Peer 1: 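Provided herewith is a single structure, encoded as C-alpha cells, for subsequent inquiry.
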Number of protein chains: 2
Amino acid sequence: MNKNMEHQFMPVKSVKRLSAYLCFLKSIGVKGLEYVSGAAIAEEFGFLPIQVRKDLAFAGVKGTPRRGFPTQKLTAAIESFLGWDNTQDAFLAGAGNLGAALTGYDKFEEELGLKILAAFDKNPRKFGSVMNGVEVLPIDKIGNLAKRMQVKIGIIAIPPEEAQAVVSIMTDAGIRGIWNFAPVNLHVPDSVIVENVGLSASLSVLTSRLREAVEMECASLTLKKLGE
Amino acid sequence: MNKNMEHQFMPVKSVKRLSAYLCFLKSIGVKGLEYVSGAAIAEEFGFLPIQVRKDLAFAGVKGTPRRGFPTQKLTAAIESFLGWDNTQDAFLAGAGNLGAALTGYDKFEEELGLKILAAFDKNPRKFGSVMNGVEVLPIDKIGNLAKRMQVKIGIIAIPPEEAQAVVSIMTDAGIRGIWNFAPVNLHVPDSVIVENVGLSASLSVLTSRLREAVEMECASLTLKKLGE
DNA sequence: TAGATTGTTAATCGATTAACAATC
DNA sequence: TAGATTGTTAATCGATTAACAATC
C-alpha cells in the first residue's frame, strides 16, 4: 500500500463554506458578472481572501490573475464538487411538520439534487396521503422498499425514541447515508455515514455567543465606570 | 486593560459536543445511574475520553476520581452552561412548513427554554391563525412589537429573498441574535450574532462524505484485483 | 510595463491528543 | 493499599493566516 493511495479528505469546514459561496455566486450570477475575485467573496462573508482562495483551490478551479475566477465556471465547479449536479434518491422517515418542511422545500431537489422518493410514517391515518407531492407510506415498508429500490440516503425526521430502530432497518436495507434531524446519537455500522443536523446544538451556539456578548458589554461598562 | 480581563470564549465545537452529551445524559439519567465516567460518554459518541474530559472541564464540573461525574450535577451544570435553564423569548419570521416544524417542536421550549412568542408572515390569509399554539401576525408588525416587548432573538424561516429586509428590521428593533434557516448570508451590525443552520451545507457534507467512501471502496477493490 | 490577483510555500494559531501526576 | 479515573501540562496535528513569487 503506497503513500500515493492516501486520499485527501475534504475538510468539513471547507465543504460548508463552499456551499455558502455557491449560494452567493448564484445570487451574483444573475447579475451577469463574468469574473468574481476571491477578495469579493471574502468581503461578502467577512473572511480573509486567502481562506476563500484555499477553499476554491480544493474545488479545483483555476483563476485568472488580475481578474479573478470566471463566475460560470466557478459555480459549475463547486456544484460538481459538492455533488449538487447529480440526483440522489432518498427516503424520508417521518411525515410530521419537519417532514412537510423538507418535502416542501423545492430547493433540495432543484438545486442540490436530493430527490425524496417517499415518506414513511407510523400513523395509519397518513398512509396514502400526499405531502407536497410525496406519498406517505407505512414505516414498516421502509426496509424492503429501500432494498428493492436501492435507495442510499435516509432522512430521519421522527422522534428520538423511534430513530435508532428505523436507522437500523435502513442500514440493514443498504442505506449508506443518514441525514439525522432527531436529537439522538445514532449507532450505525462503520460503512454508514451519519450527518447530524443538531438544531439544539445550533441554538446553543447562538445563545452562548449571545451571553458572551452581554458579558463583554457588562465588563467594558464596569471598566468605563471605574475609569471615570 | 490588563490581561486578566481577557475573556475565554467557548469553542463552538465544544458547545456542540456538550449539547450532544446532554442529550445522552438525559437518556441515561432516567436509568438512575448516580455516576457517569468521561470514558462512558466518549464510548457512546466514539470520541476519545480526554476530549470529553476537556469539554466537561469547560462546563466547570468537578468529577470524582475512580467514579466519574455525578450524573445529576453534570446534567444540571451543562444545562446551565448552555443556558438551557433560563427562558429566552423569540419571534419567528415565517409561518410556512418550517415555521410549523419549529413551533410544533415542544423540546425547544421545554428543554432549551426557547419561547416563541409569535410568528409573523406576509400572507394575509394566515393573519390571526394559530400555529401549534403560536399566533400568526402580519410581518409589518415585527419591528414595533420586538421593540415594545424587548425580544432579543429572531428566527428566520422565510425565503432567502425576503430574509435580509426582515433581519434589518429586527436588528433596528433591538434584536441581538438571529437564528437563520434561510440559505442567504445575512448582513448585520457587529453587535448582532447570526447562527446559520445551513441545511444545504449539512447535506453537502453528507453527500461529499458518501462519495469519499465510495471512492475509497472502489480504490481498495481495484487494488485487490491488481493484487490477485 | 505596472499592478492586481492568483497560487504556493512557510509560519502561526488553536484544537486535539498524549503523558502523567493527583486523588478518591 | 491498589487501581481506576480525573485533571493538568506538554506534544501533535490540522486549519488558518502570512509572505511572496508567478502570472495575466
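Because the structure is a prediction, the values reported are computed rather than measured. What you see below is based on every heavy atom in this structure, not just the backbone, and it leaves out hydrogens, waters and symmetry mates. Within every chain, numbering begins at 1; the chains are lettered A, B, ... in the order of the sequence lines, protein sequences first and strands thereafter.
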Peer 1: CZ of A/R17 versus C1' of D/dA15: gap in Å, rounded?
Peer 2: 8 Å
Peer 1: Begin from the C-alpha positions of B/F108 and B/W179 and carry the test ring pair (Phe, Tyr, Trp, His ring centres under 6.0 Å) through to its verdict.
Peer 2: CA-CA 13 Å; B/F108 288 141; B/W179 199 20; 5.5 Å; yes
Peer 1: Please confirm whether the ring centroid of A/F69 lies under 6.0 Å from the ring centroid of A/Y35.
Peer 2: no
Peer 1: Looking at B/R67 and B/E34, is there a salt bridge between them, counting it only when a charged N and a carboxylate O are closer than 4.0 Å?
Peer 2: no
Peer 1: Can you tell which of C/dC24, C/dG7, D/dT8 lies closest to the side chain of B/P65?
Peer 2: C/dC24
Peer 1: Salt bridge check, A/D89 against A/K115: does any charged N sit closer than 4.0 Å to a carboxylate O?
Peer 2: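 A salt bridge is absent here (no side-chain N lies under 4.0 Å from a carboxylate O).
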Peer 1: Can you tell if the side chain of B/F181 reaches within under 4.5 Å of the side chain of B/L102, non-hydrogen atoms only?
Peer 2: yes
Peer 1: Could you check B/Y21 against B/F45 for ring pair (Phe, Tyr, Trp, His ring centres under 6.0 Å), going step by step and ending with a plain yes or no?
Peer 2: CA-CA 9 Å; B/Y21 300 162; B/F45 293 96; 5.6 Å; yes
Peer 1: Return the residues of residues 48-57 of chain B meeting this criterion: a heavy atom under 4.0 Å from some atom of DNA chain D. Order them by number, or give none.
Peer 2: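 The answer is B/I50, B/R53, B/K54.
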Peer 1: DNA chain C: A/R66 or A/A39, which has the more 5' nearest nucleotide?
Peer 2: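 Nearest-nucleotide comparison on DNA chain C picks A/R66.
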Peer 1: In this structure, how many angstroms lie between the P atom of D/dT6 and the NZ atom of B/K73, rounded?
Peer 2: 15 Å
Peer 1: In whole Å, what is the span from the CZ atom of B/F58 to the C1' atom of C/dT16?
Peer 2: 12 Å
Peer 1: Only one of B/S202, B/S208, B/S204 clears side-chain hydrogen bond (donor to acceptor under 3.5 Å, both in side chains) with A/E195; which?
Peer 2: B/S202
Peer 1: Verify the contact: side-chain N or O of B/R67 to OP1 or OP2 of D/dG3, cut-off strictly under 4.0 Å; return yes or no.
Peer 2: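 No.
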Peer 1: What is the distance from NZ of A/K16 to P of D/dT16, rounded to the nearest Å?
Peer 2: 12 Å
Peer 1: What I want to find out is whether A/E110 reaches A/K107 closely enough, with some N-O distance under 4.0 Å, to be called a salt bridge.
Peer 2: no
Peer 1: Taking only Watson-Crick and G-U wobble pairs with both distances under 3.5 Å, what dot-bracket line describes DNA chain D, where [ ] shows pairs that cross earlier ones and | shows pairs with another strand?
Peer 2: ..||||||||||||||||||||||
Peer 1: I need the OH-C1' distance between A/Y35 and C/dT6, as an integer number of Å.
Peer 2: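 That distance rounds to 13 Å.
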Peer 1: Would you call A/E217 and A/K224 a salt bridge, taking side-chain N to carboxylate O under 4.0 Å as the test?
Peer 2: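 A/K224 and A/E217: not salt-bridged.
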Peer 1: Any side-chain donor-acceptor pair under 3.5 Å between B/E79 and B/T75?
Peer 2: no
Peer 1: Let me know the distance between CZ of B/F45 and P of C/dT16, rounded to the nearest Å.
Peer 2: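 Computing the B/F45:CZ to C/dT16:P distance gives 15 Å.
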Peer 1: How about A/L112 and A/Y105: do any of their side-chain heavy atoms sit closer than 4.5 Å?
Peer 2: no
Peer 1: Protein-nucleotides 11-13 of chain D N/O pairs closer than 3.5 Å?
Peer 2:
none

